[in-house]
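Hydrogens, waters and symmetry mates play no part in the numbers below; they use all other heavy atoms, side chains included. Here is the naming used below: chain letters follow the sequence lines, and residue numbers restart at 1 for every chain.
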Number of protein chains: 2
Amino acid sequence: MNREFEDRCEVHYIHEDNVREVQTAMLEQETILSLAELFKTMGDATRLKLIFALMKKELCVCDLAAVIGVSESAVSHQLRVLRNQKLVKFRRQGKVMYYTLADEHVRMLFDQGLEHVCE
Amino acid sequence: MNREFEDRCEVHYIHEDNVREVQTAMLEQETILSLAELFKTMGDATRLKLIFALMKKELCVCDLAAVIGVSESAVSHQLRVLRNQKLVKFRRQGKVMYYTLADEHVRMLFDQGLEHVCE
DNA sequence: GTTATATATGAACAGTTGTTCATAAATAAT
DNA sequence: ATTATTTATGAACAACTGTTCATATATAAC
């Protein structure tokens with residue numbers, strides 16, 4: 001009769017109470033997806049180097065490319081990703097774009113991650 | 001004569017002092033890679049749901065599959081990824097494997113990320 | 001206007017990732 | 001030992017990601 005239920009009944013919940021409790025608390029799919037995007041954005045060596053560099057100083061695309069040793073095009077592409085996730089902000093001065101960290105959350109995430117890794 | 005220098009000279013450092021300063025402070029490649037792996041691991045909706053679930057309760061593979069609505073095989077694969085990054089730990093009780101968060105770092109990273117996303 | 005410079009973007013390609021399905025391993029019960 | 005159950009693993013495949021290269025845009029200097 002009810003397909004959803006038929007499917008459900010084949011699942012064997014070992015601790016049904018726990019399952020329901022956690023399911024109820026579970027975050028919205030949308031929230032989870034945003035969070036995944038955030039961590040995914042930080043899950044790349046090039047972007048982490050960019051973030052680290054911007055934790056130290058405001059820098060232009062040119063400088064960033066020199067610091068981490070990749071092409072300016074690659075840097076520009078990755079800066080866009082960081083911008084989309086609001087991890088960095090920028091200002092234009094003439095032809096030059098200066099980037100900085102968007103806020104202290106980014107720094108805290110970075111440092112917190114570093115602590116986990118360095119244990 | 002010196003190829004490395006030839007290449008170097010084509011790079012146009014706009015703020016050479018800043019570049020050198022940040023370059024000096026830059027983390028080891030190995031450290032950056034470990035950090036990238038950590039964030040990459042957290043950069044997936046399924047794994048974030050697993051982490052969230054384990055933030056609430058100790059759960060077995062079976063329960064986790066039911067909570068987040070994916071196959072037990074998929075859960076098992078992802079739990080291995082989380083285990084490799086030391087984000088979860090587990091104990092065996094008979095046939096059943098019970099998973100929990102490895103430590104409070106994970107929770108703090110998750111919450112810190114959530115704060116950034118929810119702004 | 002033209003030219004030069006700094007940055008951004010689009011397409012393409014190799015490399016990586018997450019799921020599914022089939023199968024294996026580990027334990028428990030008979 | 002055989003069978004059932006829970007979890008883990010390997011192979012395979014589609015989907016996604018990051019770089020490169022070529023090109024476009026934006027500003028400045030002339």
Item to check | Any A:S71 side-chain nitrogen or oxygen under 4.0 Å from OP1 or OP2 of D:dT20 | outcome: yes
Checklist entry - On DNA chain D, nearest-nucleotide positions of B:S73 versus A:G43: which is more 5'? => result B:S73
Checklist entry - A:K40 side chain: which of D:dT17, D:dT9, C:dT7 is closest? => result D:dT17
Item to check | Interatomic distance where CD1 belongs to B:I68 and C1' belongs to C:dT19 [whole Å] | outcome: 12 Å
Checklist entry - Separation of B:R80 atom CZ from C:dA24 atom P, in whole Å? => result 16 Å
Checklist entry - Which whole-number value in Å describes the distance from B:Q93 CD to D:dT6 C1'? => result 13 Å
Next on the checklist: In this structure, how many angstroms lie between the P atom of D:dC16 and the CG atom of A:L33, rounded?
Outcome noted: 13 Å
Checklist entry - To the nearest angstrom, how far is A:K49 atom NZ from D:dG18 atom P? => result 14 Å
Next on the checklist: Using OP1 and OP2 only, check whether a side-chain N or O of A:Q78 sits under 4.0 Å from D:dT19.
Outcome noted: yes
Next on the checklist: I'd like to know if B:E119 and A:K86 make a salt bridge, using a cut-off of under 4.0 Å between side-chain N and carboxylate O.
Outcome noted: no
Checklist entry - Parallel under 30°, tilted from 30 to 60°, perpendicular over 60°: which one fits the rings of B:H116 and A:H105? => result perpendicular
Item to check | Rounded interatomic separation in angstrom, taking CZ from A:R92 and C1' from D:dT27 | outcome: 7 Å
Checklist entry - Taking the six-membered ring for Trp, does A:H77 stack with C:dT9 (centroid gap under 5.5 Å, planes within less than 30°)? => result yes
Next on the checklist: Looking at C:dA8, I'd like to know if its phosphate oxygens (OP1 or OP2) sit under 4.0 Å from a side-chain N or O belonging to A:Y99.
Outcome noted: yes
Checklist entry - Under 3.5 Å, is there a donor-acceptor pair linking the side chains of B:R91 and B:Q93? => result yes
Item to check | Nearest-angstrom distance from the residue atom CG of A:L59 to C1' of C:dA6 | outcome: 15 Å
Checklist entry - Atom NE2 of A:H15 and atom C1' of D:dT5: how far apart are they, to the nearest Å? => result 14 Å
Next on the checklist: Over 60° means perpendicular and under 30° means parallel, so tell me whether A:F39 and B:F39 are parallel, tilted or perpendicular.
Outcome noted: parallel
Item to check | 5′-ward residue of the pair A:K95/A:F90 relative to DNA chain C | outcome: A:K95
Checklist entry - Counting just side-chain N and O atoms, does A:T46 come under 4.0 Å of either OP1 or OP2 of D:dT19? => result yes
Checklist entry - According to a strict under-4.0 Å criterion, is A:S76 in side-chain N/O contact with OP1 or OP2 of C:dA8? => result yes
Next on the checklist: Between A:R83 and C:dT9, is there a contact of a side-chain N or O with OP1 or OP2 at under 4.0 Å?
Outcome noted: yes
Checklist entry - Any salt bridge between B:E21 and A:K56, counting N to O under 4.0 Å? => result no
Checklist entry - Does a nitrogen or oxygen in the side chain of A:R47 sit under 4.0 Å from OP1 or OP2 of D:dT17? => result no
